[in-house]
Amino acid sequence: MTAQVKTDRSTSDYQALDAAHHIHAFLDQKALNEEGPRVIVRGEGLALWDNDGKRYLDGMSGLWCTNLGYGRKDLAAAASQQLEQLPYYNMFFHTTHPAVVELSELLFSLLPGHYSHAIYTNSGSEANEVLIRTVRRYWQILGQPQKKIMIGRWNGYHGSTLGATALGGMKFMHDMGGVIPDVAHIDEPYWFAHEGDLTPAEFGLRAARQLEEKILELGAENVAAFVAEPFQGAGGMIFPPESYWPEIQRICRKYDVLLCADEVIGGFGRTGEWFAHQHFGFEPDTLSIAKGLTSGYIPMGGLILSKRMAQVLVEQGGVFAHGLTYSGHPVAAAVAIANLKALRDEGIVTQVKQDTGPYLQRCLREVFGNHPLIGEVQGTGLVAALQFAEDKSTRKRFANENDMAWRCRTIGFEEGLIIRSTLGRMIMAPALVAGKAEIDELVDKTRIAVDRTAREYGVL
Ligand code: PXG
């Protein structure tokens, strides 16, 4: 299959205009301009085509978001119908609209029963901004306005706006433009990087107990919430040991600290459960959502609240001083409904849990379990990471692991594969509609990229 689209301009024209007008995300703009970005023009299923007709297998669901894959006509039709009927209205002037009401009905039918309310946003970053304000408001209403410190994790990612950046633990982001006060961090539960001889289970408990130490250091009466991704995504797809989350939950309950899960990439089927916290077996008070809510076809995010929190805000809170023009946007809501119905009615989440997820995980462990470049394979469902390591048994990492991973990613592109590198790890998160043939192609092309990297670095 070829691109089958005729664009108006040559790739070099697009690149020149792109260089003239854009600052790209997380890249050295000058270096990018010298190289020129790939110009992506079409998508179908898991395949993308660039302006020169080259095909790529998208192993990253765009940016962890196209859970249904590209080219879904039902989502396009839902948007088009809503655009004709009611392209915009808001939730300010004592008004609502059917699209957002029906989205909530559907969403809460998929969520565990102890959640009841949503505050919709346009993105995951905004969901986390709203989280900070809502959590602080909750404690204010309960007469504890000093309980406002948010604890996040080093290397966690919660978005690129100011509050979300502060909540996240990417120091290089903190260094650009500053942070907000009353935010603290604990370490990430990254067993492979940890030096010493703790088992994963022992390490999981130790990592979780850092939260208790931090709460005691700051004073529980001052700590509003702990916020984390159930598995860390942008920071390297780090899976905590099984002992981690139950201990975190115990600590949060003990000190009356809200437990907030950032489900922006873990939500909507990625792990084979509807939400990643269900895979890890804990019960957060809030969920930040975005990405897979609409399969990325249109921007939408939100903050989901437990009944307990919502009741306080609704019954005792008075005016909730927050509102976005596009909160619950009808077109986004219509697309989200079509997306959630497809994920549910086509049995896609169940398929990830029972069939394609275990298949991907098995294939990766067979191919990379004893690979000289790979120290560990992590993941569940349709998300996985390969950790580069010089010595698997001692967990010794290559000094230049970042360069190796970046090179592996570049080779992937050459081979027609999009996977992501983070520090010394390769990450994949294909669309949840991936069939076994696409998973085979993903694993096969990843092996070619890893082998070529290993040969270039003299490891194979
Ligand atoms: N929380 C998490 C856990 C995320 O992964 C956000 C919040 C922010 O969402 P928005 O919609 O504001 O971007 C994210 C976003 C990557 C990558 O390369 C990851 C994200 C965004 C861009 C790139 O892994 N995650």
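One-based numbering, in listed order, for ligands and for the atoms of each.
- Shortest contact from atom 16 (C) of ligand 1 to any protein heavy atom: Arg420 NE, 2.9 Å.
- For the pair Lys148 and Trp139, the cation-pi criterion (under 6.0 Å, within 45° of the ring axis) is not fulfilled.
- The aromatic rings of Tyr326 and Tyr88 lie perpendicular to each other, with more than 60° between the two planes, well past the 30° mark.
- What sits closest to atom 1 (N) of ligand 1 on the protein, heavy atoms only, is Asp262 OD2, 2.7 Å.
- The distance from ligand 1 to the heavy atoms of Glu229 drops below 4.0 Å at these ligand atoms: 3 (C).
- Ion pairing between a basic and an acidic side chain is recognised when a charged N comes within 4.0 Å of a carboxylate O; Glu414 and Arg452 show such pairing.
- For atom 5 (O) of ligand 1, the nearest protein heavy atom (residue, atom name, distance) is Ile265 CG2, 3.4 Å.
- Under a 4.0 Å N-O distance rule, the pair Glu346/Arg72 qualifies as a salt bridge.
- With hydrogens left out, the protein atom closest to atom 12 (O) of ligand 1 is Ser125 OG, 2.6 Å, a heavy atom.
- Between Arg365 and Gln361, the side chains place a donor N or O and an acceptor N or O closer than 3.5 Å (distance only, hydrogens not considered).
- Of the N and O atoms on the side chains of Asp262 and Asn128, at least one donor lies less than 3.5 Å from an acceptor on the other residue.
- The pair Asp50-Lys54 fails the salt-bridge criterion, with no side-chain N (NZ, NE, NH1 or NH2) lying under 4.0 Å from an Asp/Glu carboxylate O.
- Salt-bridge annotation for Arg209 and Glu247: present, with a side-chain N of the basic residue lying under 4.0 Å from a carboxylate O of the acidic one.
- Judged by the shortest distance from any of its heavy atoms, Glu126 lies outside the 4.0 Å radius around the atoms of ligand 1.
- Atoms of ligand 1 lying under 4.0 Å from at least one heavy atom of Gly124, given by number and element, are 8 (C), 9 (O), 10 (P), 11 (O), 12 (O).
- In this structure, the protein non-hydrogen atom closest to atom 23 (C) of ligand 1 is Leu63 CD2, 3.5 Å.
- Remark: ligand 1 atoms within the under-4.0 Å shell around heavy atoms of Asn128 are 1 (N), 7 (C).
- From the protein, the heavy atom lying nearest to atom 25 (N) of ligand 1 is Lys291 NZ, 3.2 Å.
- Atoms of ligand 1 found under 4.0 Å from any heavy atom of Trp64 (numbered from 1 in listed order, with element): 16 (C), 17 (C), 19 (C), 24 (O).
- Checked against the 6.0 Å centroid threshold, Phe398 and Tyr457 do not count as a close aromatic pair.
- Atom numbering of ligand 1 starts at 1 in the shown order; those under 4.0 Å from a heavy atom of Ser123 are 11 (O), 12 (O).
- Every atom of ligand 1 is numbered from 1 in the order shown, and the set under 4.0 Å from a heavy atom of His158 is 1 (N), 6 (C), 7 (C).
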